[in-house]
Amino acid sequence: MHFELLRTFLKIGAFTLGGGYAMIPIIESEVVDKHKWIGKEEFIDLIAIAQSCPGVFAINISTFIGYKLRRTSGAICAALGAALPSFLIILLIALCFQQFMDIEWIAAMFRGIRPAVVALIAVPTFNLAKNAKLTLETSWIPIVTALLIWKMGINPVYIILAAGICGYLYGTFLKPTE
């Protein structure tokens, strides 16, 4: 299992452009659909926890999945698998970057990758909204949150704390009983 975790997250880390959020559909495909290590609901919960914790999202989510499956050794294998490809690629690029950016077609290639990376991040965002059962009634929450952070410069930590308190109060006092 440890080798399978390492190999799975090495593959995910090696073939994902755009950072941790772009990894979400690939991680879900591998961990939930292919290997069936965890369920979809639990995966969504782990995403929420990984987003709430400080640090790099890709490392957080891989660590949580690895820990869930094989405790500390699983967390180390999964995190190492997710981080090692990026580390090696960045190291290689850093060694050679400046001399290659003077070549026009390489510079153009990097300019062309940018919109694709935006799409790779947007798609899991919409999928998460759908899986989290975001409706027209609740869609104002992420919009207002983004505006508070972007336009008013409110620290995201305060937003997370306020959301947690509001969620607790709603669940305790206002949520209709089923």
Side-chain angles (χ1 to χ4, degrees), residues 5 9 12-13 16-32 37-69 71-72 74-87 89-90 94 110 113-178:
L5 261 172
F9 279 96
I12 291 167
T16 306
L17 295 174
Y21 294 105
M23 288 180 164
I24 291 173
I26 299 169
I27 294 172
E28 182 178 7
S29 172
E30 287 288 323
V31 172
V32 176
W37 288 334
I38 60 174
K40 190 165 190 80
E41 290 292 322
E42 189 172 19
F43 181 69
I44 292 169
D45 291 343
L46 288 175
I47 289 172
I49 294 168
Q51 288 174 326
S52 302
C53 293
V56 179
F57 174 78
I59 301 302
N60 289 348
I61 190 74
S62 61
T63 301
F64 292 144
I65 291 169
Y67 187 81
K68 172 101 178 96
L69 297 174
R71 299 289 182 216
T72 303
I76 292 168
C77 288
L80 186 62
L84 194 58
S86 297
F87 173 76
I89 290 168
I90 294 298
F110 276 101
I113 288 174
R114 287 183 192 143
V117 170
V118 171
L120 287 171
I121 294 170
V123 169
T125 300
F126 292 122
N127 289 337
L128 282 173
K130 185 175 70 175
N131 291 333
K133 297 172 181 64
L134 190 67
T135 64
L136 288 177
E137 293 172 345
T138 58
S139 64
W140 65 271
I141 297 169
I143 294 168
V144 169
T145 300
L147 289 173
L148 287 172
I149 293 168
W150 177 50
K151 286 291 191 183
M152 299 182 70
I154 295 177
N155 189 320
V157 171
Y158 298 133
I159 301 289
I160 292 169
L161 289 172
I165 292 167
C166 290
Y168 172 77
L169 293 173
Y170 176 78
T172 304
F173 301 110
L174 301 175
K175 185 176 180 183
T177 57
E178 297 173 7

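By convention here, the first residue in the shown sequence is residue 1. Basis for what follows: all heavy atoms, side chains included, without hydrogens, waters or symmetry-related copies.
Not counting sequence neighbours, the partners of T72 by the side-chain contact (heavy atoms from CB on, under 4.5 Å) test are Y67, I76. Every residue meeting the ring pair (Phe, Tyr, Trp, His ring centres under 6.0 Å) condition with F57, not counting sequence neighbours, appears here in chain and number order: Y21. Taking E28 as the reference, K40 meet the salt bridge (charged side-chain N to carboxylate O under 4.0 Å, His left out) condition, with sequence neighbours excluded. For E42, the side-chain hydrogen bond (donor to acceptor under 3.5 Å, both in side chains) partners two or more places apart in sequence, or in a different chain, are K68.
Every pair tested for ring pair (Phe, Tyr, Trp, His ring centres under 6.0 Å) that includes a residue from residues 129-148 fails, sequence neighbours excluded, so the list is empty.
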TODO: Show your reasoning for whether side-chain contact (heavy atoms from CB on, under 4.5 Å) applies to F43 and I24.
DONE: CA-CA 10 Å; F43 181 69; I24 291 173; 4.1 Å; yes
Practice item. Go through the steps for F87 and L80 under the test side-chain contact (heavy atoms from CB on, under 4.5 Å), then give the verdict. Key: CA-CA 10 Å; F87 173 76; L80 186 62; over 6 Å; no
Name each donor-acceptor pair under 3.5 Å that joins a side chain in residues 44-56 to protein atoms two or more places apart or in another chain, with its distance.
unit_1: S52; atom_1: OG; unit_2: A48; atom_2: O; d: 2.8

Return a table of donor-acceptor pairs under 3.5 angstrom between the side chains of residues 141-166 and protein atoms on other chains or two or more places apart.
unit_1: T145; atom_1: OG1; unit_2: I141; atom_2: O; d: 2.7
unit_1: N155; atom_1: OD1; unit_2: V157; atom_2: N; d: 2.9

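Residues G66 and A78 come closest through the heavy atom pair CA-CB, 3.9 Å. A83 approaches I59 most closely through the heavy-atom pair CB-CD1, 3.4 Å.
A donor-acceptor pair under 3.5 Å links the side-chain atoms of S62 to the main chain of A58, judged by distance alone. A donor-acceptor pair under 3.5 Å is absent between the side-chain atoms of T172 and the main chain of L169, judged by distance alone.
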